[in-house]
Amino acid sequence: MGTPGLTGIDRGYPRGVTSTTSQQELFRFLEDRFACAQACTECARACALRASLVDPDGTENQELVRRKGIMCAEVCDATCRVLSEQNQADESSIRIQVEWCRTVCLEAAHVFDRQPGAEDSAAACRACARACTDFLATLN
């Protein structure tokens, strides 16, 4: 069960992580955090590419696709940085950032659904939104 007299923090675990169940929860948290950061990176790439393919002098719908693509790329990039860095952000700040990312990704996916040839971008946005949802579940 561990070395007598040592707390979880003394053994290198975050405070309160001492049992196998707690270790499994920590591993799931870290895996979901990493998966979310990876999905954010993929989504940022797909959205930036989609935005770059739109004619800047195009229709109003094309301008919407371009703006949503840029916004989604920026939010996903920022979210990936928050999840990847050891910046000591509190759980509330992380939750707000990830929820914002999920919302922006779903909005972008809906806009891309109406754009011919944007299926891959919409799929990347939905995958990111799912990863955000999974990560948020580990914060509960």
Side-chain angles (χ1 to χ4, degrees):
M1 193 61 131
T3 307
L6 291 180
T7 64
I9 197 83
D10 295 330
R11 289 192 299 265
Y13 303 125
R15 188 171 309 283
V17 176
T18 56
S19 70
T20 302
T21 301
S22 294
Q23 288 176 352
Q24 289 172 347
E25 290 171 356
L26 175 63
F27 292 144
R28 178 169 179 237
F29 169 81
L30 294 173
E31 287 173 348
D32 287 349
R33 184 175 176 145
F34 179 74
C36 189
Q38 264 189 315
C40 287
T41 298
E42 292 303 315
C43 187
R45 283 187 193 131
C47 288
L49 177 61
R50 176 56 40 205
S52 72
L53 295 174
V54 174
D55 180 9
D57 296 325
T59 66
E60 187 177 321
N61 186 50
Q62 288 175 321
E63 179 59 21
L64 177 63
V65 168
R66 190 179 75 72
R67 283 187 286 122
K68 284 294 184 179
I70 291 169
M71 171 76 125
C72 191
E74 289 177 353
V75 171
C76 284
D77 184 54
T79 303
C80 181
R81 280 194 312 273
V82 166
L83 294 173
S84 300
E85 297 172 354
Q86 294 292 358
N87 59 4
Q88 304 301 324
D90 60 56
E91 184 178 317
S92 176
S93 298
I94 292 171
R95 179 183 302 281
I96 290 167
Q97 181 69 41
V98 173
E99 287 174 347
W100 183 34
C101 184
R102 178 179 57 186
T103 300
V104 169
C105 285
L106 291 174
E107 289 173 0
H110 291 303
V111 169
F112 295 156
D113 284 340
R114 297 187 300 261
Q115 180 74 23
E119 295 84 9
D120 290 344
S121 298
C125 289
R126 285 194 176 85
C128 186
R130 274 191 304 279
C132 288
T133 299
D134 292 345
F135 177 65
L136 288 167
T138 64
L139 294 177
N140 293 332

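Atom set for the values below is all heavy atoms of this structure, side chains included, hydrogens, waters and symmetry mates excluded. Quick caveat, the model's predicted, so the values are computed rather than measured.
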For this session: Can you see which heavy atom on Leu139 is nearest to which on Arg95, and at what distance?
Result: CB-NH2, 3.2 Å
Problem set entry | Point-to-point distance, once rounded to the nearest 0.5 Å, from CE of Met71 to CG of Leu64 | 11.5 Å
Exercise. More than 12 heavy atoms of other residues, nucleotides or ligands under 6.0 Å from CG of Asp113: is that the case?
Worked result: yes
Problem set entry | Presence of salt bridge, Arg130 and Asp134, under 4.0 angstrom | no
Problem set entry | Euclidean distance, Thr133 OG1 relative to Glu99 CD, rounded to 0.5 Å | 9.5 Å
Problem set entry | Closest contact, heavy atoms only, Asp32 versus Phe135 | C-CD1, 3.8 Å
Exercise. Looking only at heavy atoms, which two atoms of Cys43 and Cys128 are closest? And how far apart?
Worked result: CB-CB, 3.8 Å
For this session: Over all heavy atoms of both residues, which pair between Ala109 and Cys125 is shortest? Give the atoms and the distance, please.
Result: CB-CB, 3.8 Å
Exercise. Is there side-chain contact between Thr41 and Arg45, with at least one heavy-atom pair below 4.5 Å?
Worked result: yes
Exercise. What are the two closest non-hydrogen atoms of Ser93 and Asp90, and how far apart are they?
Worked result: N-OD1, 2.7 Å
Problem set entry | Path from Leu136 to Phe29 over hydrophobic side-chain contacts below 4.5 Å | yes
Exercise. Can any side-chain N or O of Arg50 pair as donor or acceptor with the backbone N or O of Asp120 at less than 3.5 Å?
Worked result: no
Problem set entry | Under the ring-ring contact (aromatic ring centres under 6.0 Å, His included) test, residues paired with Phe34 that sit two or more places apart | none
Exercise. Can a salt bridge be assigned to the pair Arg28 and Glu31 using a cut-off of 4.0 Å between side-chain N and carboxylate O?
Worked result: no
For this session: Can you spot which of Leu106, Val104, Val98 makes a side-chain contact (heavy atoms from CB on, under 4.5 Å) with Arg102?
Result: Leu106
Problem set entry | Heavy-atom check, side chain of Gln97 versus side chain of Val75, under 4.5 Å | yes
Exercise. Would a distance-only check, ignoring hydrogens and angles, find a side-chain to backbone donor-acceptor pair under 3.5 Å from Gln62 to Thr59?
Worked result: yes
Exercise. Roughly how far, to the nearest 0.5 Å, is CD of Glu63 from CD of Glu60?
Worked result: 9.0 Å
Problem set entry | Same apolar cluster (I L V M F W Y, side chains within < 4.5 Å links), Val65/Leu49 | no
Exercise. CH2/Trp100 to SG/Cys76 distance, rounded to the nearest 0.5 angstrom?
Worked result: 10.0 Å
For this session: Can you spot which of Ile96, Thr79, Leu83 makes a side-chain contact (heavy atoms from CB on, under 4.5 Å) with Cys101?
Result: Thr79
Exercise. Does some side-chain heavy atom of Ser121 sit less than 4.5 Å from a side-chain heavy atom of Cys47?
Worked result: no
Exercise. Which residues pass the ring-ring contact (aromatic ring centres under 6.0 Å, His included) test with Phe112, sequence neighbours left out?
Worked result: none
Problem set entry | Atom of Ala37, atom of Cys80 and distance for their closest heavy-atom approach | O-SG, 3.5 Å
